[in-house]
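The shown structure was predicted, so the numbers you read here are calculated from the model rather than taken from an experiment. In this chain, residues are counted from 1 in sequence order.
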Amino acid sequence: MTTTNVNLTTNEAATATEALRYRSLLAAARGLVRCDAAALLRLDGDVLRPLAVDGLSDETMGRQFPVASHPRFARLLESERGLRFAHDCGLPDPYDGLVAGQPGILPVHDCMGAPLRLRGATWGLLTLDALDAGAFEAVGPAQLDALVALVETGIESAHTIQEMEARAMREQAVAQALRSGRGAARELLGSSPAMKQLCSEIDTVAVSDLTVLVLGETGVGKDLVAQRLHARSRRSDQPLVQVNCAALPETLADSELFGHKRGAFTGAVQDRNGKFEIADGGTLFLDEVGELPLTVQAKLLRVLQSGELQRPGSDRTLKVDVRVIAATNRDLPAAIAQGRFRADLYHRLSVYPLIVPPLRERGRDVVALAGGFLEENQHRLGARNLRLSPAAKAALLAHGWPGNVRELEHVISRASLRAFREQRRGARWTAIEPHHLALEAAAAAGPATPSTPPAPMPTGQHAGLAGATLREATEAFQRAWLADALARHRGHVANAAREAGIDRSNFHRTLRKLGVPRPGGTP
């Protein structure tokens with residue numbers, strides 16, 4: 001086993017031990033003070049993040065709590081020794097409807113908590129909640145002080161051990177947490193076996209400079225995989241440059257990636273750096289790499305092989321040091337067979353392939369992800385405590401999610417808006433029910449599941465293909481299939497694109513490339 005692998009294994013074990021220690025602390029806290037739920041929240045910038053919960057539902061771990069949006073948390077952080085809120089306190093309770101094991105969405109009636117400090121600085125919060133009013137009447141200041149001291153000692157121990165075992169990895173993780181605490185990009189979330197395996201693979205390859213090909217269905221979060229790969233690499237302090245290859249016009253793709261010299265073509269009025277030069281020293285993420293034109297694929301291969309590029313219009317060769325991450329939802333071996341993708345480029349890109357699991361294979365991760373999206377929509381709408389009812393959670397878990405995490409995000413956004421409009425004045429929470437999710441309607445309008453066989457070529461379209469090449473026959477099939485899909489959907493391009501399993505811009509491009517008439521009669 002290499003030194004790198006030893007360090008990674010040690011770090012993963014330390015992370016698992018730390019999580020177990022936090023859960024043990026909460027169990028000990030509930031042993032000292034009887035309550036229905038307890039939570040440890042760490043303060044990252046201006047946001048509180050749950051590190052461990054006991055007695056709260058799964059979706060809590062997917063939420064982030066901006067302190068400015070949760071006045072109870074703000075009051076606790078400002079207090080010296082903690083405090084207990086009156087059962088009729090008018091401040092909204094962040095945990096209303098989040099206590100686990102309840103038959104419906106129930107309010108929290110007795111709440112108390114205290115700030116936690118580590119080495120003189122505020123670390124986060126300990127919160128205790130009960131469904132019965134008056135549950136904490138017997139808990140005096142001395143008992144609360146003892147409880148806080150116990151938890152702070154455990155936190156101090158966790159930090160000391162972690163520093164001793166993996167100081168460098170800890171500093172990098174804290175820096176990343178602080179960046180995301182300022183409202184940066186989302187991060188991969190989930191505790192399912194499939195996601196644990198993916199994250200382990202990411203952390204294994206991240207420390208190398210190997211080229212990674214991220215594979216997965218549309219909407220699974222391939223861009224988040226690229227962000228984690230970069231953040232955990234030795235290049236994390238250098239730029240991560242993202243390019244959507246599907247959005248590059250074929251005539252400008254060369255210039256966009258490799259730059260150009262002034263006068264190289266009409267409109268090139270000045271020198272321009274390409275994305276490879278901008279990413280020099282860092283990481284270049286080529287999203288939807290399967291959409292690159294063949295001419296650009298050849299130049300990309302040369303850069304990957306030699307680390308050298310040549311701007312259009314220039315005779316000078318430039319040397320770049322770039323780690324490349326590519327992503328696609330395409331079947332690249334099939335594209336190679338059709339002559340649409342270079343086999344040598346495919347093998348250069350897929351040095352270390354990573355497959356992102358679809359949401360339907362991630363079990364209860366869907367509830368945690370929904371919690372995060374609810375928190376975002378809660379602040380966007382100004383709603384009060386958006387909560388999933390038990391029936392809504394069951395509906396989310398039963399849905400097939402052909403559109404994956406992106407579909408879940410849109411479903412939660414629509415449901416939040418519908419529920420917010422129905423909210424009673426002065427209600428303590430906004431309940432999301434199955435009819436707000438409207439999953440039956442989404443399933444009817446959404447793309448076919450991967451197990452659904454493709455539609456056959458319309459009758460009579462096989463004629464005349466006997467002497468054609470494989471590529472000609474494939475294009476003829478695609479033209480027939482696309483024309484038939486447009487006819488089935490009465491010219492509605494968005495619906496036809498969903499059935500085809502591609503986004504609308506790529507669908508339009510394919511129609512143009514194959515000369516299929518679009519609605520209105522133009523190809």
Dump the intermediate steps for side-chain contact (heavy atoms from CB on, under 4.5 Å) on Leu301 and Arg342, then the final yes or no. CA-CA 9 Å; Leu301 176 65; Arg342 295 179 61 109; 3.8 Å; yes

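- A salt bridge links Asp203 with Arg228: at least one charged nitrogen is closer than 4.0 Å to a carboxylate oxygen.
- Taking both residues in full, the closest heavy atoms of Leu332 and Gly290 are given as CD2-CA, 4.0 Å, listed atom of the first, atom of the second, then distance.
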Show, in sequence, the C-alpha distance, side-chain angles and deciding distance for Glu407 and His399, and conclude whether the side chain to side chain donor-acceptor pair (under 3.5 Å) test is met. CA-CA 11 Å; Glu407 179 189 1; His399 189 58; 3.0 Å; yes

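- In this structure, the side chains of Phe285 and Asp287 come closer than 4.5 Å at one or more pairs of heavy atoms.
- Checking side-chain atoms of Gln297 against main-chain N and O of Leu292 turns up a donor-acceptor pair under 3.5 Å.
- A heavy-atom distance below 4.5 Å is found between the side chains of Leu318 and Glu277.
- For Asn404 (side chain) and Leu359 (main-chain N/O), a donor-acceptor pair under 3.5 Å exists by modelled atom type.
- Atoms SG and CD, from Cys245 and Glu291 in turn, are 8.5 Å apart once rounded to the nearest 0.5 Å.
- With contacts defined as side-chain heavy-atom distances shorter than 4.5 Å, the pair Thr283/Val241 does not qualify.
- Judged purely by atom type and a 3.5 angstrom limit, Lys299 has no side-chain atom pairing as donor or acceptor with the backbone of Phe258.
- For the pair Phe65 and Pro50, the minimum side-chain heavy-atom distance is below 4.5 Å.
- Considering CG of Leu304 and CG of Leu286, their distance stands at 8.0 Å, rounded to 0.5 Å.
- Under a 4.0 Å N-O distance rule, the pair Asp237/Arg235 does not qualify as a salt bridge.
- A donor-acceptor pair is defined here as one N or O able to donate and one able to accept, closer than 3.5 Å; no such pair exists between the side chain of Trp401 and the backbone of Arg406.
- What you find for Met61 and Leu51 is that their closest heavy atoms are CE-O, 3.7 Å.
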Test side-chain contact (heavy atoms from CB on, under 4.5 Å) applied to Arg362 and Leu369, step by step: CA-CA 11 Å; Arg362 294 176 54 183; Leu369 288 164; 3.8 Å; yes

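- Remark: Arg488 qualifies as a cation-pi partner of Trp481 under the 6.0 Å distance and 45° angle criteria applied to the six-membered ring.
- By the 4.0 Å N-to-carboxylate-O rule, Glu59 lies close enough to Lys393 to be salt-bridged with it.
- At distances below 3.5 Å, at least one donor-acceptor pair connects side-chain atoms of Asn377 with backbone N or O atoms of Phe373.
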Criterion side-chain contact (heavy atoms from CB on, under 4.5 Å) on Tyr22 and Ile155, from CA distance to verdict: CA-CA 8 Å; Tyr22 288 143; Ile155 293 171; 4.2 Å; yes

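- At most 12 heavy atoms of other shown residues, nucleotides or ligands fall within 6.0 angstrom of atom CD1 in Ile355.
- Considering only heavy atoms from C-beta on, Asp46 stays 4.5 Å or farther from Pro66 through its side chain.
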Going through the distances and angles, do Val405 and Val220 end up as a side-chain contact (heavy atoms from CB on, under 4.5 Å)? CA-CA 5 Å; Val405 180; Val220 292; 5.6 Å; no

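- No side-chain donor-acceptor contact under 3.5 Å links Glu217 and Asn329.
- In this structure the side chain of Phe276 reaches within 4.5 angstrom of the side chain of Leu300, judged on heavy atoms.
- Without hydrogens or angle criteria, Arg340 side chain to Ala334 main chain gives no donor-acceptor distance under 3.5 Å.
- Nearest heavy-atom pair across Pro357 and Met195 is CG-SD, 3.9 Å.
- Separating the NZ atom in Lys275 from the CG atom in Leu284 is a distance of 9.0 Å, to the nearest 0.5 Å.
- Of the possible donor and acceptor atoms, one in the side chain of Ser233 sits under 3.5 Å from a partner among the backbone N and O of His230.
- Residues Gln227 and Leu240 are in side-chain contact: their nearest non-hydrogen atoms beyond the backbone lie under 4.5 Å apart.
- Between Leu188 and Cys199 the shortest heavy-atom distance is CD1-SG, 4.4 Å.
- Scanning all heavy atoms of the two residues, the minimum distance from Leu486 to Ala496 falls at CD2-CB, 4.1 Å.
- No donor-acceptor distance shorter than 3.5 angstrom exists from the side chain of Arg302 to the backbone of Glu308, with no hydrogens or angles considered.
- When every heavy atom of Leu40 is checked against every heavy atom of Trp123, the shortest pair comes out as CD2-CZ3, 4.3 Å.
- The backbone N or O of Leu386 sits less than 3.5 Å from a side-chain atom of Gln378, completing a donor-acceptor pair.
- Checking side-chain atoms of Asp365 against main-chain N and O of Ser191 turns up a donor-acceptor pair under 3.5 Å.
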Could you pull out every donor-acceptor pair under 3.5 Å between side chains of residues 346-354 and any protein atom, sequence neighbours left out?
| residue | atom | partner | partner atom | Å |
| --- | --- | --- | --- | --- |
| Ser350 | OG | Tyr346 | O | 2.8 |
| Tyr352 | OH | Glu201 | OE1 | 2.5 |

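- For Asp280, there are no salt bridge (Lys or Arg N to Asp or Glu O under 4.0 Å) partners two or more places apart in sequence or in a different chain.
- Atom CD1 in Ile325 sits 10.0 Å away from atom CD in Gln242 (nearest 0.5 Å).
- Atom OG1 of Thr204 sits about 11.0 Å away from atom CG of Leu210, to the nearest 0.5 Å.
- At least one side-chain heavy atom of Arg323 sits less than 4.5 Å from a side-chain heavy atom of Ser208.
- The CZ atom of Arg63 lies 12.5 Å from the CG atom of Leu41; values are rounded to the nearest 0.5 Å.
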